[in-house]
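Take a look at the structure below.
In listed order, ligands and their atoms are each counted from 1. Here the structure is a predicted model, which means the values were calculated and not measured.
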Amino acid sequence: MIICKSADEIKQMGKAAEIVVEVLLKIESLLKPGIATEYLDTVAEGIIYKRNAVPAFKGYKGRISKNPFPSSICVSVNQEVVHGIPSKKKLKDGDLVSVDVGVQLNGFFGDAARSFLIGEVSEDVYRLWAATKEALDISITRCGIGKRLSDISNSIQKRAKKDGFEVVRDFVGHGIGKNMHEDPQILNYGPPGRGPVLKKGMVLAIEPMLNMGKSAVKVLEDGWTVVTRDQEVSCHFEDMVAITDQGPLVLTRQ
Ligand code: MG
């Protein structure tokens, strides 16, 4: 069941989203070759607690893992798609790093991800990054009252294909509100014109994941880190979008 939110609830979610944005901007300012991804996690956690919020991913038990997620943010580098665990591993020139941040504030969740380029990247990596970012931008324009859910999905796949990239099929976007993951699931592929009709008050976390190579992914032995099977680079962006009378309202861009 898709839960539609009141204007006041969307405002509350905007406050959670504001903290997510603050964390992402801070992390962006720290990124450089040589920085350990666990340092980013420490900084992120500090900001989240300072804002009286709770890191939503820490201790989270997903459907795929028996052990709870150990960190406050997900940091996924190169062939890692999503759910990478921050570690002592250092970023290096040419890396593509996806940072996913989730917080809970006053009972509502905020969730967004950005991919960043470290130093000089190859032309192919840049193209993948730009295509993923644009896929999200395009999909947001599909978030109008009366459109269908799969119009979002289709627009993402279409943009990926334009550059010869594949989308990840095993992980999807989601509704968000008083739960981090609510209905509907938002696929990054499929024909348009299907699924639920978009209604005022729906809040969607849309998260395109584009792969340089094939779409197949697997989960590593840590129970969390999702990587491409062919070890090719993957890119991920995520924004929270509220469906309103005035059109799509992106809560995680302030
Ligand atoms: Mg999400």
Side-chain angles (χ1 to χ4, degrees), residues 2-3 5 10 12-24 27 40-41 44 48 53-65 68-76 80-86 97-105 107-116 132-133 135-137 139-140 142-143 149 152-153 156 167-189 202-211 217 219 223-227 234-243 248-254:
I2 303 176
I3 302 163
K5 282 81 185 174
I10 290 173
Q12 294 287 324
M13 294 182 72
K15 287 184 183 153
E18 219 171 275
I19 299 167
V20 170
V21 172
E22 183 184 349
V23 170
L24 286 167
I27 286 174
L40 305 173
D41 184 59
I48 294 167
V54 176
F57 301 159
K58 196 160 192 166
Y60 184 82
K61 284 185 191 177
R63 69 189 158 87
I64 52 163
S65 187
F69 192 77
S71 306
S72 290
I73 61 172
C74 302
V75 183
S76 311
E80 295 169 357
V81 182
V82 286
H83 306 163
I85 300 172
V97 53
S98 148
V99 178
D100 199 339
V101 179
V103 308
Q104 189 185 18
L105 179 75
F108 289 96
F109 283 87
D111 184 10
R114 304 272 183 269
S115 281
F116 302 104
T132 311
K133 201 167 176 298
L136 179 55
D137 286 345
S139 70
I140 289 167
R142 305 298 193 266
C143 294
L149 186 69
I152 295 170
S153 311
I156 292 168
V167 297
V168 171
R169 288 167 177 260
D170 294 359
F171 293 85
V172 297
H174 50 94
I176 183 166
K178 286 184 177 164
N179 298 290
M180 189 159 58
H181 297 119
E182 296 183 355
D183 286 341
Q185 290 200 340
I186 309 165
L187 276 53
N188 288 319
Y189 62 94
M202 289 181 178
V203 183
L204 308 173
I206 305 174
E207 40 186 327
M209 292 159 235
L210 269 60
N211 291 354
V217 298
V219 179
W224 283 105
T225 313
V226 178
V227 298
S234 183
C235 187
H236 172 223
F237 277 84
E238 175 182 20
D239 270 313
M240 277 165 76
V241 185
I243 314 282
L249 174 65
V250 187
L251 299 175
T252 40
R253 293 187 193 179
Q254 293 157 344

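Within Asp111, the N, O or S atom lying nearest to the Mg ion (ligand 1) carries the name OD2. For Glu207, the N, O or S atom with the smallest separation from the Mg ion (ligand 1) is OE2. Taking the Mg ion (ligand 1) as reference, Glu238 places its N/O/S atom OE2 nearest.
Between Trp224 and His83, the ring-plane angle classifies as perpendicular under the 30° and 60° cut-offs.
Here the side chain of Ser153 pairs a donor or acceptor atom with the backbone of Leu187 at under 3.5 angstrom.
Taking the six-membered ring for Trp and the full ring otherwise, His181 and Tyr60 have centroids separated by under 6.0 Å.
Residue His181 does not count as close to the Mg ion (ligand 1), with no N, O or S atom under 2.8 Å.
Comment: Asp41 does not engage Lys58 in a salt bridge, judged by the lack of any side-chain N to carboxylate O separation of less than 4.0 angstrom.
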